[in-house]
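Note: hydrogens, waters and symmetry copies are ignored here, and every other heavy atom, side chains too, is used. Just so it is clear, the structure is predicted and the values come from calculations on it, not from any experiment. Per chain, numbering begins at 1; letters A, B, ... match sequence-line order.
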2 protein chains.
Amino acid sequence: MLEIHTEIRETGPDRYATLIDGGWAIGSSLNGGYLQLPVVRAVLAAEGHPHPVAVTTDYLQAPHAGEAEIVVERLRTGKTIGTSRATLIQDGQPCLVSSVVTSTLDSNAPDVDLAPPIELPSPDQCTRIRSDVMPGTNLALMDHVDVRLAPEFANVVRGRPDGSMALRGWVRMVDGRDPDPLVCLLAADAFPPVTFTIGRYGWAPTVQLTTYLRVLPAPGWLRCELRGRVLANGWFDEDCTIRDSAGRLVAQSRQIARIPRVPTPSPTEN
Amino acid sequence: MLEIHTEIRETGPDRYATLIDGGWAIGSSLNGGYLQLPVVRAVLAAEGHPHPVAVTTDYLQAPHAGEAEIVVERLRTGKTIGTSRATLIQDGQPCLVSSVVTSTLDSNAPDVDLAPPIELPSPDQCTRIRSDVMPGTNLALMDHVDVRLAPEFANVVRGRPDGSMALRGWVRMVDGRDPDPLVCLLAADAFPPVTFTIGRYGWAPTVQLTTYLRVLPAPGWLRCELRGRVLANGWFDEDCTIRDSAGRLVAQSRQIARIPRVPTPSPTEN
């Protein structure tokens with residue numbers, strides 16, 4: 001489904017069309033991780049480098065399901081590194097702009113890895129976030145992405161905030177598709193906001209999101225850890241670290257987002 | 001000097017001229033932190049929001065000292081948040097592109113701060129990086145920015161790698177100018193690369209750099225901690241966390257950079 005729902009069609013030099021699918025929603029908005037994927041695919045198609053290495057996306061306004069245009073501007077087209085920015089346009093308005101650094105990655109273990117391991121019970125001991133877990137809110141994304149929270153955090157997001165600004169869990173595609181950099185881009189933005197752990201529920205809109213892709217992931221589940229550090233002036237940061245089934249650090253993301261202005265009721269226990 | 005050397009002059013709608021000063025160099029290249037400053041000033045001038053909140057810069061090719069043009073593209077101009085892209089152009093070529101999110105910050109302590117403290121001996125017990133510390137390489141930037149490494153790291157960068165991918169130290173402007181978001185943008189990229197601590201000396205070009213500005217800093221020294229986590233496929237990441245003299249977390253940065261291809265001799269002891 002990921003291939004089909006992020007498909008692009010060249011319509012001119014460095015111009016592509018895509019059909020945004022409505023099934024990747026969190027409540028009334030399409031998931032920001034998903035929306036990056038046709039944009040990154042357009043850059044890879046325009047440039048020829050096989051992999052994204054760094055993707056920074058600015059979210060400007062929420063697109064809706066349906067036709068959209070992607071315009072790629074190639075800023076550097078070196079032999080080793082390419083840099084482009086690409087804009088997703090709908091109804092004549094830019095909805096998001098991504099800065100995409102491209103290159104060639106391999107799946108060897110990193111030469112240096114100083115990030116802590118990500119401790120998790122097995123996926124079947126973790127709690128899957130189902131698309132109907134929040135009453136009145138359809139988390140349709142979760143029908144495509146299998147997100148499983150470690151048990152202690154499953155309680156945290158269900159109304160028992162622990163103040164940690166941290167979450168841990170597993171991610172894989174529901175259809176069994178093995179991970180690649182595109183799936184990592186999706187996984188980095190598929191969890192509930194870390195602000196749930198401080199009792200600030202509700203939609204926390206991402207303003208800018210950066211993901212670094214480091215190594216091509218092995219088949220199987222992705223191990224993810226989220227961590228927020230500072231809430232100030234109405235903004236919070238959130239890091240996501242992703243390891244593959246072989247334990248290799250495959251991706252790192254960081255985003256800055258707005259805290260929900262109006263407190264919303266906590267998700268009820270189910 | 002910072003004000004003068006980052007000055008912008010409006011030349012048309014959303015177009016500015018700046019004069020890049022050659023005194024902010026590290027070896028033969030101008031410092032990437034410095035080069036962002038006229039670009040950010042141009043965005044603030046074009047948009048009207050007082051502060052940068054998130055700045056992501058893609059470095060495309062090295063500019064030289066002299067005249068440059070800045071073109072601002074306003075992508076979102078909301079009451080609370082603005083988002084613009086700005087390109088620094090020299091000799092008709094884009095040298096760097098910044099994505100700048102703007103808003104209004106205050107200097108109150110963050111509501112939540114879960115980042116670890118940054119332990120440092122006092123600035124006079126730390127080792128200042130002087131512009132002539134590396135034989136044959138002029139670190140002119142250090143005549144503008146006073147960077148003081150904690151003693152253990154001063155040894156590390158002088159040829160005794162400890163494998164930590166970490167550095168800690170103080171930063172302030174040599175002319176006594178108090179810190180603000182622009183100084184934080186500079187401080188985040190003023191240290192030697194963390195790859196020095198694994199014995200990989202030499203120029204490590206930043207490809208993409210993101211800085212989040214969180215709180216307006218109090219007057220005085222900035223306390224900085226750098227940390228790299230993964231070296232893989234020729235790329236490494238580097239985070240910088242910055243606290244002000246009151247201990248508040250004021251900025252966070254993350255960059256992805258290329259490891260020097262050819263090993264260079266270690267800096268000699270002095």
Asks: Just verifying a value: how many Å separate B:Met165 CE and A:Leu114 CG, rounded to the nearest 0.5 Å?
Replies: 5.5 Å
Asks: Taking B:Leu105, B:Val97, B:Thr83 one by one, which has the highest count of heavy-atom pairs under 4.5 Å against chain A?
Replies: B:Leu105
Asks: Under 4.5 Å from any heavy atom of chain B, what part of A:Thr195 do you find: side chain, backbone, both or neither?
Replies: neither
Asks: So what's closer than 4.5 Å to chain B heavy atoms on A:Ser103: side chain, backbone, both or neither?
Replies: side chain
Asks: Side chain from CB out, backbone as N, CA, C, O: work out which of these in B:Thr87 comes under 4.5 Å of a heavy atom of chain A, or both, or neither.
Replies: side chain
Asks: Please classify the contact of B:Asp106 with chain A as side chain, backbone, both or neither, using a heavy-atom distance under 4.5 Å.
Replies: both
Asks: For chain A, which candidate among B:Leu249, B:Leu231, B:Leu75 shows the most heavy-atom pairs at distances under 4.5 Å?
Replies: B:Leu231
Asks: Nearest 0.5 Å, what's the CH2-CG distance between B:Trp235 and A:Leu213?
Replies: 11.0 Å
Asks: Are A:Val215 and B:Asn233 close enough, and set up right, to give a side-chain contact (heavy atoms from CB on, under 4.5 Å), and what steps lead you there?
Replies: CA-CA 7 Å; A:Val215 160; B:Asn233 283 292; 4.0 Å; yes
Asks: Please name the pair of heavy atoms, one in B:Arg214 and one in A:Val230, separated by the smallest distance, quoted to 0.1 Å.
Replies: NH2-O, 2.8 Å
Asks: Go through the atoms of B:Asp237 and report whether side chain, backbone, both or neither lie under 4.5 Å from a heavy atom of chain A.
Replies: both
Asks: What part of B:Ser99 is in contact with chain A, defined as an atom under 4.5 angstrom from a non-hydrogen atom: side chain, backbone, both or neither?
Replies: both
Asks: Name the member of B:Ile256, B:Asp111, B:Thr210, B:Val53 that forms the most heavy-atom pairs with chain A at distances under 4.5 Å.
Replies: B:Ile256
Asks: Hey, are the side chains of B:Tyr212 and A:Val207 touching, using non-hydrogen atoms and a 4.5 Å cut-off?
Replies: no
Asks: Is A:Arg254 salt-bridged to B:Asp239, cutoff N-O under 4.0 Å?
Replies: yes
Asks: Decide, yes or no, whether a salt bridge links B:Glu73 with A:Arg85 under the criterion of side-chain N to carboxylate O below 4.0 Å.
Replies: yes
Asks: Taking NZ, NE, NH1 and NH2 as the nitrogens, is one of them in B:Arg76 or A:Asp58 under 4.0 Å from a carboxylate oxygen of the other?
Replies: no
Asks: Apply the test side-chain contact (heavy atoms from CB on, under 4.5 Å) to residues A:Asp113 and B:Arg229: give CA-CA distance (whole Å), side-chain angles for both, the deciding distance (0.1 Å), then the verdict.
Replies: CA-CA 6 Å; A:Asp113 177 356; B:Arg229 270 147 193 131; 5.7 Å; no
Asks: Can you tell which part of A:Thr241 gets under 4.5 Å to a heavy atom of chain B, answering side chain, backbone, both or neither?
Replies: neither
Asks: Considering only heavy atoms, which portion of B:Gln252 lies under 4.5 Å from any heavy atom of chain A: side chain, backbone, both, or neither?
Replies: both
